[in-house]
Undergrad: 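Pasting a structure here, questions to come.
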Amino acid sequence: METTSFSKENLAYEKATKRVKELKSFYGNLTSYCLVIPFLLALNLLTSPGHLWFYWPMLGWGVGLAAHAATVFGIGRDWEERKIKELMEDEKRNHGKTL
């Protein structure tokens, strides 16, 4: 019984560690975006104010940032959890092992 408790704690710890890494990655990306885009805007306005190009990297990176936010903060997260549980139950049924 003690090993089951330890195993559950270990899985919970690994899951929490993974979540922290996902959040850290997203916030690092967001911080970079918030620092680099204003720099590109200033560079664009100083070097060629008649031709605005800064919005292309802003839009491209912004779409990537939005996709990153969607994966970290919920879109698809329920599906992932359901699929993990389904696979674990299939493994139990097919092999008679407990996970």
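Below, each value reflects all heavy atoms present in this structure, side chains not excepted, and no hydrogens, waters or symmetry copies. Keep in mind that this is a model prediction, so the values were computed, not measured.
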Undergrad: Given 3.5 Å as the limit, does a donor-acceptor pair link the side chain of Y33 with the main chain of M58, or not?
TA: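 The answer is yes, because a donor-acceptor pair under 3.5 Å joins these two groups.
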Undergrad: Which value, rounded to the nearest 0.5 Å, describes the distance between F26 atom CZ and L65 atom CG?
TA: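 It comes to 5.0 Å.
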Undergrad: Could I get the full list of salt bridge (charged side-chain N to carboxylate O under 4.0 Å, His left out) partners for K85, not counting sequence neighbours?
TA: none
Undergrad: Could you give me the CA-CA distance, side-chain angles and deciding distance for E22 and R19, then say whether salt bridge (Lys or Arg N to Asp or Glu O under 4.0 Å) is met?
TA: CA-CA 5 Å; E22 290 173 350; R19 180 72 177 146; 3.5 Å; yes
Undergrad: Holding to salt bridge (charged side-chain N to carboxylate O under 4.0 Å, His left out), I want the full list of residues that pass it with K15, two or more places apart in sequence or in another chain.
TA: E81
Undergrad: Under 4.5 Å between side-chain heavy atoms, hopping through other hydrophobics if needed: is there a path connecting F39 to Y55?
TA: yes
Undergrad: Suppose we screen for side chain to side chain donor-acceptor pair (under 3.5 Å). Which residues come up paired with N29, at least two apart in sequence or across chains?
TA: W61, H68
Undergrad: Identify whether L59 and V36 are in the same connected component of the hydrophobic contact network (ILVMFWY, side-chain heavy atoms under 4.5 Å).
TA: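 Result: yes, single cluster for both.
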Undergrad: Who are the side chain to side chain donor-acceptor pair (under 3.5 Å) partners of E14, not counting sequence neighbours?
TA: none
Undergrad: Considering residues at least two apart in sequence or located in another chain, which fulfil the side-chain contact (heavy atoms from CB on, under 4.5 Å) criterion with T17?
TA: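 Once residues adjacent in sequence are excluded, the partners of T17 under the side-chain contact (heavy atoms from CB on, under 4.5 Å) criterion are Y13, K21.
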Undergrad: Cluster question for you: counting only ILVMFWY and a side-chain heavy-atom cut-off of under 4.5 Å, with indirect links fine, are L43 and W56 together?
TA: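 They do share one cluster, since a chain of ILVMFWY contacts under 4.5 Å joins L43 to W56.
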Undergrad: Residues two or more places apart in sequence or in another chain: which of them pass side chain to side chain donor-acceptor pair (under 3.5 Å) with K83?
TA: E86
Undergrad: Look up atom OG in S25 and atom CG in L30, then write down how far apart they are to the nearest 0.5 Å.
TA: 11.0 Å
Undergrad: Taking the side chain as C-beta and beyond, is there a heavy-atom pair between L45 and L52 under 4.5 Å?
TA: yes
Undergrad: Are L35 and L40 grouped together when hydrophobic residues (ILVMFWY) are joined by side-chain heavy atoms under 4.5 angstrom apart?
TA: no
